[in-house]
Amino acid sequence: MSASKLKRDFYLRNNIILIAQELLGKRICSCQNGKLTSGIIVETEAYAGPEDRASHAYGGKRTQRTEVMYHSGGIAYVYLCYGMHSLFNVVTNRDGIPHAILVRAIEPDRGVDIMLRRRNRNSVSPSLTAGPACLTQALGITTAHNGINLAGKIIWIEDLGIKLRKKYIIAGPRVGVSYAGKDAALPWRFKIRNSNWTSKP
DNA sequence: AAGAGGATGCCCT
DNA sequence: GGGCATCCTCTTC
């Protein structure tokens, strides 16, 4: 099978919903201190910039934290949640339009032993990488990676040459965004149907 | 300068 | 299935 690193053009498109779906089945790779870990993306959520009340950038809110979302697509937005969890997002679109896609779950691929150690586990189960904070810990991603270029050699995403058909994608409401009013009901959470590696709720 | 709350996961029954 | 850990970010005084 042929794996090719996604190029900048992939992220620069002005269609966050499409990109969030296309990320399913892609492989996210992380190389930290020479240790390679990777997983197949099985769950994502779209956060569509200024119009989306669930987005950190709702209403064009621009702070030190959200600054990265306003850069051109193809970089990572990693922020801290509940004071202890690093959550990994892919920034999309062009300069000035703050779109970001949260990666919520992956299926472990390479470097499983390293992931087990990072997660303090001794056996492989969905809890190893199901959940946005779980997968970042497994991949060794922290807020230190905020703003990093996804075309580089530390964190990147690969196309495995597999086209996932629409019928294998489940769309539903996003997790933990009840404060977002009517935007809370938007079906912008995407999962691969029948995957055992998605997060629960 | 201070306080409230958050795109959660763990560890226990 | 439920309580708790734990600290940064933003808003407001």
Side-chain angles (χ1 to χ4, degrees), chain A residues 11 16-17 19-21 23-24 28 37 39 41-71 73 75-93 97-108 115-148 150 155 157 170-192 196-201:
Chain A
Y11 304 102
I16 187 174
I17 303 303
I19 301 174
Q21 295 176 72
L23 281 177
L24 296 176
I28 181 170
T37 48
I41 297 173
V42 296
E43 183 175 340
T44 60
E45 279 179 2
Y47 287 85
E51 295 81 35
D52 179 4
R53 298 186 66 160
S55 170
H56 289 165
Y58 173 61
K61 190 161 83 167
R62 190 160 184 163
T63 65
Q64 193 171 13
R65 180 176 64 153
T66 63
E67 186 63 26
V68 165
M69 298 172 80
Y70 288 84
H71 293 202
I75 61 176
Y77 170 44
V78 186
Y79 75 94
L80 200 65
C81 178
Y82 292 101
M84 62 187 111
H85 303 299
S86 294
L87 272 57
F88 173 82
N89 298 253
V90 175
V91 176
T92 68
N93 216 324
I97 303 176
H99 286 179
I101 298 166
L102 172 68
V103 179
R104 285 195 55 88
I106 62 175
E107 175 174 346
M115 295 197 243
L116 285 170
R117 215 171 310 137
R118 286 179 181 148
R119 298 275 296 131
N120 199 22
R121 304 291 161 109
N122 48 31
S123 65
V124 176
S125 72
S127 71
L128 182 63
T129 53
C134 293
L135 71 94
T136 49
Q137 191 179 16
L139 294 173
I141 297 174
T142 70
T143 53
H145 295 105
N146 189 35
I148 203 171
L150 298 177
I155 302 170
I157 301 175
I170 304 175
R174 294 170 292 181
V175 176
V177 295
S178 52
Y179 59 88
K182 67 180 170 63
D183 288 345
L186 290 170
W188 285 359
R189 177 193 194 191
F190 303 104
K191 300 197 254 191
I192 296 184
N196 294 320
W197 301 92
T198 57
S199 67
K200 271 193 188 160

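Chain letters run A, B, ... following the sequence lines, proteins first, then strands; residues in each count from 1.
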Visitor: Phosphate oxygens OP1/OP2 of C:dC4: is one of them under 4.0 Å from a side-chain N or O of A:Tyr82?
Guide: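 Indeed not, no polar side-chain atom of A:Tyr82 lies that close.
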Visitor: Could you check whether A:Ala133 gets within reach of a base, just the sugar-phosphate, or nothing at all, counting any heavy atom under 4.0 Å?
Guide: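 Sugar-phosphate contact only.
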Visitor: Which residue lies toward the 5' end of DNA chain B, A:Leu87 or A:Ser127, if each is placed at its nearest nucleotide?
Guide: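 That would be A:Leu87.
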Visitor: Are A:Val68 and A:Ile75 side-chain neighbours, meaning at least one heavy-atom pair lies under 4.5 Å?
Guide: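 In contact.
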Visitor: Could you tell me how far apart A:His99 (NE2) and B:dA7 (P) are, to the nearest whole angstrom?
Guide: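 About 18 Å, once rounded to whole Å.
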Visitor: Counting only distance, no hydrogens or angles, is the base of B:dA7 paired donor-acceptor with the side chain of A:His85 under 3.5 Å?
Guide: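 No, no donor-acceptor pair under 3.5 Å.
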Visitor: Report the distance from atom CG of A:Asp183 to atom P of B:dA7, rounded to the nearest whole Å.
Guide: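 That distance rounds to 14 Å.
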Visitor: Once you round it to whole Å, what is the distance between C1' of B:dC10 and CE of A:Met84?
Guide: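 Checked: the CE to C1' distance equals 10 Å.
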Visitor: Distance from A:Arg121 atom CZ to A:Thr129 atom OG1, nearest 0.5 Å?
Guide: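 Going from the CZ atom of A:Arg121 to the OG1 atom of A:Thr129 covers 10.0 Å.
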Visitor: For a quick test of reading the model: is some side-chain N or O of A:Arg104 closer than 4.0 Å to OP1 or OP2 of B:dA7?
Guide: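 No.
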Visitor: Rounded to the nearest 0.5 Å, how far apart are CD of A:Gln137 and CG of A:Asn120?
Guide: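 Atom-to-atom, A:Gln137:CD and A:Asn120:CG are 8.5 Å apart.
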Visitor: Name the pairing partner of B:dG9, where a pair is Watson-Crick or G-U wobble with both distances under 3.5 Å, or state none.
Guide: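 With both distances under 3.5 Å, B:dG9 matches C:dC4.
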Visitor: By the definition salt bridge (charged side-chain N to carboxylate O under 4.0 Å, His left out), identify the one residue from A:Lys191, A:Arg174, A:Arg104 that meets it with A:Glu45.
Guide: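 Of the listed options, the one satisfying the test is A:Arg104.
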Visitor: Round to a whole Å and report the spacing from CD of A:Gln137 to P of C:dT6.
Guide: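 For the pair A:Gln137 CD and C:dT6 P, the rounded distance is 14 Å.
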Visitor: A:Arg119 side chain N/O closer than 4.0 Å to the phosphate oxygens (OP1, OP2) of B:dC10?
Guide: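 So the side chain of A:Arg119 is within the cut-off, an N or O lying under 4.0 Å from OP1 or OP2 of B:dC10.
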Visitor: What's A:Leu80 touching, base or sugar-phosphate or nothing? Going by heavy atoms closer than 4.0 Å.
Guide: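 Sugar-phosphate, no base atom in range.
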Visitor: Starting from P on B:dT8, measure out to CZ on A:Phe88 and report it in whole angstrom.
Guide: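 In whole Å, B:dT8 P and A:Phe88 CZ are 17 Å from each other.
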Visitor: Among B:dA7, B:dG9, C:dT6, which nucleotide sits nearest the side chain of A:Pro132?
Guide: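 So the nucleotide nearest the side chain must be B:dG9.
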Visitor: Send over the distance from A:Arg65 CZ to B:dG5 P, rounded to a whole Å.
Guide: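 A:Arg65 atom CZ is separated from B:dG5 atom P by 16 Å.
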Visitor: Let me know, please, whether A:Tyr179 or A:Asn120 comes out on the 5' side of the other along DNA chain B by nearest nucleotide.
Guide: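 The answer here is A:Tyr179.
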Visitor: Ignoring the backbone of A:Tyr77, work out which of B:dA7, C:dC10, B:dG9 is nearest its side chain.
Guide: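 Minimum distance to the A:Tyr77 side chain belongs to B:dA7.
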Visitor: Round to the nearest Å and state the distance from A:Arg53 atom CZ to B:dG6 atom C1'.
Guide: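 A:Arg53 atom CZ is separated from B:dG6 atom C1' by 16 Å.
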Visitor: Check whether any side-chain nitrogen or oxygen of A:Arg121 sits under 4.0 Å from OP1 or OP2 of B:dC10, and answer yes or no.
Guide: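 Yes, within the criterion.
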Visitor: What is the ring orientation for A:His85 with A:Tyr82, classed by angle as parallel under 30°, tilted 30 to 60°, or perpendicular over 60°?
Guide: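 Perpendicular: the ring planes of A:His85 and A:Tyr82 meet at over 60°.
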Visitor: Rounded to whole angstrom units, what separation is found between the CG atom of A:Asn146 and the P atom of C:dC8?
Guide: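 It is 15 Å, rounded to the nearest whole Å.
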